[in-house]
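These numbers were taken from a predicted model, which means no experiment stands behind them.
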Amino acid sequence: MKKISLEQLLKESGTESYPEQYRYICAGMESGSIIPVKSSPLNGKKPALHISYWLSEEAPDHTEEIEELQFRTMPVIRTDYYLSHPEIYREERKWVRLLNRFFCDRSGEDMGTLPYVSLNERSFQIWGREKFLQREQGRKILAHCGVGLEQLHVYRTTEPLAYYSHTRQVPQTILILENKDTFYTMRRWLMGEGGPEGTLPCAAGTGENDSEAFPRKIFGAEIGTLIYGAGKGILRSSEDFRFCAEPHINHPDNEILYFGDLDYEGIGIYERLAGLFAEEEEKGHTIKPFIPAYEKMIEKANDYGIDFLPQMSEKQNHHLSGRFFGYFSRRAKEDMNRFLEENRYIPQEIVTITDYETPAGAGKGCKHAI
């Protein structure tokens, strides 16, 4: 039952004279289609009528939907929710039947052998709408059906990994960088640019016997591939190591390093990324901080002085697991915590191309003029 006003009822009567309107309302009350709300005021006319009524609605017949759910739906689709809410099933029936057809067409197959396809590809295959699972009501339909996304054998697509491989030799060291500027600068360095005058760009290594694969090191490390992490974007792109990365990047014996801003967000990105890799043991990778690069950041920050450093955003999440700090010396941890406690951060861009051949500590005593 729903409440309706006397004014609405009289509009529906199509009559203009009050006696006819009164008879129309009385006929509705006699048939039981409307019931006066006794607590509502009277309209002030003679004979008087209440100004609010309950409109009695006939209960819909869901027999057909219930039989369909009980006898014509694949067992993989749980029907308990819809049997308890047949009115919702009537609204969503079109989408549920398409999902049912998808499973029905594969009833004789082992669903474990179903090939993996992208989320949008499977969405179109089932519902004829490529964004149905991503932006429309597909997730709600799956929840009502008790079907997990993993049962559809889909993988999520992200922005492809942006990387530069100086060599395809394996095993190699891969360096993930948080920011774009550092990625471009280190790529220039590995390509032979930005060094002493007269240095020529060198070709990328292409084979196991390529003696020129690592003509230049970054803080003493032979880096084979640089990956642009795009801040938190690397967290969404981490699956690319499994599905999309070339074999030389995905090799289980590779060493993977991370280098980003020294603030809560930058450290948090590293810790979450390392955690994602740790959860998937088949990747065979452990991600470590690129320690000499961070040590150079700390050294240069101390030279500049803490007041020269930018302040951190107030919105940063200060909760860290401590995984990151476990790789550093006591002195380095003390320095990093001091910067964080003073609400200062060290951007990755403090390190430039002129620093790559200079080990941390070599510049002690040479202060920057401020």
Beyond-backbone contact of [X] with [Y], side-chain heavy atoms, under 4.5 angstrom:
| X | Y | value |
| --- | --- | --- |
| F219 | E295 | no |
| T182 | V351 | no |
| P247 | H251 | no |
| T286 | F277 | no |
| L257 | I291 | no |
| V96 | H144 | no |

Do [X] side-chain atoms and [Y] backbone N/O form a donor-acceptor pair below 3.5 Å?
| X | Y | result |
| --- | --- | --- |
| W189 | T354 | no |
| R122 | V154 | no |
| N302 | I298 | yes |
| S165 | G224 | no |
| H50 | P36 | no |
| W127 | W95 | yes |
| R106 | F102 | yes |
| D355 | T352 | yes |
| T173 | E255 | no |
| E178 | Q348 | no |

Identify the two heavy atoms, one from [X] and one from [Y], that lie closest to each other, and give their separation to 0.1 Å.
| X | Y | answer |
| --- | --- | --- |
| N254 | P171 | OD1-CA, 3.4 Å |
| F328 | K333 | O-CE, 3.5 Å |
| I234 | I176 | CG1-CG2, 4.1 Å |
| A301 | I346 | CB-CD1, 3.5 Å |
| L309 | R344 | O-NH1, 2.6 Å |
| R323 | A274 | CD-CB, 3.6 Å |

Legend entry - side-chain contact (heavy atoms from CB on, under 4.5 Å) against I51, all qualifying residues, sequence neighbours excluded: S40, P41, N43
Legend entry - Which residues share a side-chain contact (heavy atoms from CB on, under 4.5 Å) with K131, sequence neighbours left out: N120, Q134, R135, E136
Under a 4.5 Å side-chain heavy-atom rule over Ile, Leu, Val, Met, Phe, Trp and Tyr, are [X] and [Y] clustered together?
| X | Y | answer |
| --- | --- | --- |
| L98 | Y89 | yes |
| L320 | F324 | yes |
| V117 | L149 | no |
| Y22 | L42 | no |

Inset, instruction - Kindly determine whether T185 and Y356 satisfy side-chain contact (heavy atoms from CB on, under 4.5 Å), including the steps that lead there. - result: CA-CA 10 Å; T185 303; Y356 297 162; 3.3 Å; yes
Inset, instruction - Determine which pairs satisfy side chain to side chain donor-acceptor pair (under 3.5 Å) with at least one residue from residues 268-277, sequence neighbours left out, and list them in order. - result: E271-S321
Report, as yes or no, whether the 6.0 Å neighbourhood of atom [atom1] on [X] holds more than 12 heavy atoms from other residues, nucleotides or ligands.
| X | atom1 | value |
| --- | --- | --- |
| Y184 | OH | no |
| K288 | NZ | no |
| F124 | CZ | no |

Legend entry - Partner set under side chain to side chain donor-acceptor pair (under 3.5 Å) for Q21, not counting sequence neighbours: none
Inset, instruction - Could you walk me through whether I126 and L133 pass the side-chain contact (heavy atoms from CB on, under 4.5 Å) test, one step at a time? - result: CA-CA 10 Å; I126 298 174; L133 278 171; 5.8 Å; no
Rounded distance (nearest 0.5 Å) linking atom [atom1] of [X] with atom [atom2] of [Y]:
| X | Y | atom1 | atom2 | value |
| --- | --- | --- | --- | --- |
| L273 | I287 | CG | CD1 | 3.5 Å |
| I4 | L9 | CD1 | CG | 4.5 Å |
| I350 | L262 | CD1 | CG | 9.5 Å |
| E130 | L119 | CD | CG | 11.0 Å |
| I223 | L175 | CD1 | CG | 5.0 Å |
| L226 | R188 | CG | CZ | 13.0 Å |

Inset, instruction - Taking only Lys NZ, Arg NE, NH1 and NH2, and the carboxylate oxygens of Asp or Glu, determine whether R331 and E334 approach each other closer than 4.0 Å. - result: no
Inset, instruction - Give a yes or no on whether a salt bridge exists between R338 and E342, defined as a side-chain N under 4.0 angstrom from a carboxylate O. - result: no
Inset, instruction - Any chance you could lay out the side-chain contact (heavy atoms from CB on, under 4.5 Å) test for E299 and D335, step after step, and finish with the verdict? - result: CA-CA 9 Å; E299 176 188 312; D335 281 339; over 6 Å; no
Inset, instruction - Report the residue from V170, I256, I174 that forms a side-chain contact (heavy atoms from CB on, under 4.5 Å) with I249. - result: I174
Looking only at side-chain N and O atoms, does [Y] offer a donor or acceptor that is under 3.5 Å from a partner on [X]?
| X | Y | value |
| --- | --- | --- |
| E265 | Y345 | no |
| E65 | Y82 | no |
| R168 | T225 | no |

Inset, instruction - Output every pair passing salt bridge (charged side-chain N to carboxylate O under 4.0 Å, His left out) with a member in residues 75-87, not counting sequence neighbours, ordered by first then second residue. - result: R78-D80
Legend entry - Chi angles and distances behind the side-chain contact (heavy atoms from CB on, under 4.5 Å) call for Y228, L177: CA-CA 5 Å; Y228 170 45; L177 301 164; 5.7 Å; no
Legend entry - Under the ring-ring contact (aromatic ring centres under 6.0 Å, His included) test, residues paired with F290 that sit two or more places apart: none
Legend entry - Option among F325, F259, Y327 that satisfies the ring-ring contact (aromatic ring centres under 6.0 Å, His included) test with Y294: F259
